[in-house]
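For reference, the structure discussed in these notes is given below.
Throughout, a chain's letter reflects where its sequence line sits, starting with A, and its residues are numbered from 1.
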2 protein chains.
Amino acid sequence: MSGRKAQAARNDELILQAARAVFTADPGAPIAAVAEKAGVGISALYRRYPSKEALLQKLCGDGLKLYIEVTERALAEEGDPWEAFAGYLRGIVDADTNSLTIKLAGTFQPTEELGRDAMRAGALATEIHRRTVEAGVLRPDLTTADIALLLEQIASIRVGDERRISELRHRYLTLMMDALRLPPARRELPGPAATDEELSSRWWTGS
Amino acid sequence: MSGRKAQAARNDELILQAARAVFTADPGAPIAAVAEKAGVGISALYRRYPSKEALLQKLCGDGLKLYIEVTERALAEEGDPWEAFAGYLRGIVDADTNSLTIKLAGTFQPTEELGRDAMRAGALATEIHRRTVEAGVLRPDLTTADIALLLEQIASIRVGDERRISELRHRYLTLMMDALRLPPARRELPGPAATDEELSSRWWTGS
DNA sequence: ATTATAGGGAACGAAGTCTTCCGTTCTGCA
DNA sequence: TGCAGAACGGAAGACTTCGTTCCCTATAAT
């Protein structure tokens, strides 16, 4: 398979990736920014999605499915309960679905399927949290919602490029896990620390 | 002093409070939203500030000055180094200057004075951080910029009303301080935990 | 050669925003 | 009591931005 069909298939993926990147950085971004980032025209978008809202729903749905997948994988883990939970947290941070899903909440009408997936995601999160607390390796004075909010905090970090963002998020996730784990333990933090330059650079070009 | 002059003076404060509340919740909010929240007309705003940008600069400047004030107060503390640092962190969270200052960065031209204040704020933050590390009560593998980013994460929490937001922020700040402090210690978390309802409610009305 | 399909991007209409402007109210003072 | 002008409310103007449509071209399949 090659030629026109191949380019169309490639564009399918290109557009989705671009949309995810653009809307993650700025949930209110115009649709033209997605087209530009993907290197295609606007009609390439409208050929695939009838409206902006449809594209956002697709993106949000994909994010939820990824979240569910990561959580199910962690639940299937048989070994050390803490390691399973830690892997879950790292997986969510890597998947980076919080940035999109949360920021877009309320900007469009949630579909039927989206609601169902959200429900399932919530159930899974509750399950892995319960299991980890019962194993006695996680601070019991935190709810599932607390954990979710902590993950959102980490997702709010946006400094430098994609790679640096991930690095810093894992750094602070490790720090946070030190506060979560039972019995108390303290590990070395991954990645180079943040610098003053990284902070102040945001004052010159738009966020 | 009363009558028209009094109302004008009252409006001065009313407008600033409204602007802080509105732009904290949504940095891109229209100026009309500020007027409505303050219960005044648009001309009341333009009588005081020549443009939207001027208002934002004023807001940002006030935030920086408050930040500086809080930090200087913590530096003047004579007692336990950890308590001084903890008080500093709590003060910054209460002042809630990060939400505004950071989100607005890059949306307007920083003035001369603003740059100077930002410089001074940075120096003070470095100083209290250095002092606390040297006292041996703060994890040494974190930079001043790391601490700043951690505070930004906490400022990103926005769930429910003003009161609840503050409560949750202090809850997670306490958790975070458990991970920061030397020697390792663990305290009870303040405030009621987050609930699933608080999270899911964001799906129905705008963020 | 012809038709069908994908795509590029200008054009359009609607919505939103900052700013200005004008008429009105009310105070302080002569 | 009368008046100058500060303070104000809010509609109108001028402009920008954004989602969507439309028209045309390029290419692949027949």
Side-chain angles (χ1 to χ4, degrees), chain A residues 1-60 100 103-104 106-109 111 206-207, chain B residues 1-60 100 103-104 106-109 111 206-207:
Chain A
M1 158 170 131
S2 84
R4 201 71 173 200
K5 283 272 175 60
Q7 181 183 359
R10 242 177 301 125
N11 279 353
D12 283 348
E13 194 53 34
L14 231 51
I15 286 173
L16 272 180
Q17 282 185 340
R20 225 169 57 84
V22 167
F23 287 129
T24 296
D26 174 15
I31 224 168
V34 176
E36 190 181 14
K37 175 112 183 176
V40 302
I42 295 181
S43 9
L45 290 189
Y46 275 89
R47 171 157 297 274
R48 291 167 175 79
Y49 305 96
S51 67
K52 183 184 191 180
E53 178 157 327
L55 173 57
L56 289 179
Q57 285 172 344
K58 165 72 169 165
L59 245 44
C60 218
L100 249 189
K103 284 185 179 178
L104 260 47
T107 67
F108 62 85
Q109 180 83 11
T111 69
S207 80
Chain B
M1 157 168 135
S2 84
R4 201 71 173 206
K5 282 272 176 61
Q7 180 184 0
R10 241 177 302 125
N11 279 353
D12 282 348
E13 194 54 34
L14 229 52
I15 286 173
L16 272 181
Q17 282 186 339
R20 224 169 57 85
V22 167
F23 287 129
T24 296
D26 175 14
I31 223 168
V34 176
E36 190 183 13
K37 175 111 182 178
V40 303
I42 294 182
S43 37
L45 291 189
Y46 275 89
R47 168 158 300 275
R48 291 167 174 78
Y49 305 96
S51 68
K52 183 183 190 180
E53 177 158 328
L55 173 56
L56 290 180
Q57 286 172 342
K58 164 73 170 164
L59 244 44
C60 216
L100 250 189
K103 285 185 178 176
L104 260 46
T107 67
F108 62 84
Q109 179 85 11
T111 68
S207 81

Could you state the [atom1]-[atom2] distance from [X] to [N], rounded to the nearest angstrom?
| X | N | atom1 | atom2 | value |
| --- | --- | --- | --- | --- |
| A:Arg47 | C:dA6 | CZ | P | 5 Å |
| A:Leu45 | C:dG7 | CG | P | 10 Å |
| A:Arg10 | C:dA6 | CZ | P | 15 Å |
| A:Asp12 | C:dG7 | CG | P | 8 Å |

Enter the distance from [X]:[atom1] to [Y]:[atom2] here, rounded to the nearest 0.5 Å.
| X | Y | atom1 | atom2 | value |
| --- | --- | --- | --- | --- |
| A:Leu55 | A:Tyr46 | CG | OH | 9.0 Å |
| B:Glu53 | B:Thr111 | CD | OG1 | 9.5 Å |
| B:Cys60 | B:Leu56 | SG | CG | 8.0 Å |
| B:Gln57 | B:Ser51 | CD | OG | 7.0 Å |

Would you list the atom pairs, donor with acceptor, under 3.5 Å between side chains in residues 13-41 of chain B and any protein atom, with sequence neighbours excluded?
from: B:Thr24; atom 1: OG1; to: B:Arg20; atom 2: O; distance (Å): 2.5
from: B:Asp26; atom 1: OD1; to: B:Gly28; atom 2: N; distance (Å): 3.0

Would you please confirm or rule out a distance under 4.0 Å between OP1 or OP2 of D:dC8 and any side-chain N or O of B:Asn11? yes

Under 4.0 Å between a side-chain N or O of B:Arg48 and OP1 or OP2 of D:dA7? no

Taking protein heavy atoms under 4.0 Å as touching, what does nucleotides 14-20 of chain C look like 5' to 3' if B marks base contact, S marks sugar-phosphate-only contact and - marks none? ---SSBB

What residues, two or more places apart in sequence or in another chain, satisfy side chain to side chain donor-acceptor pair (under 3.5 Å) together with B:Arg48? B:Asp12

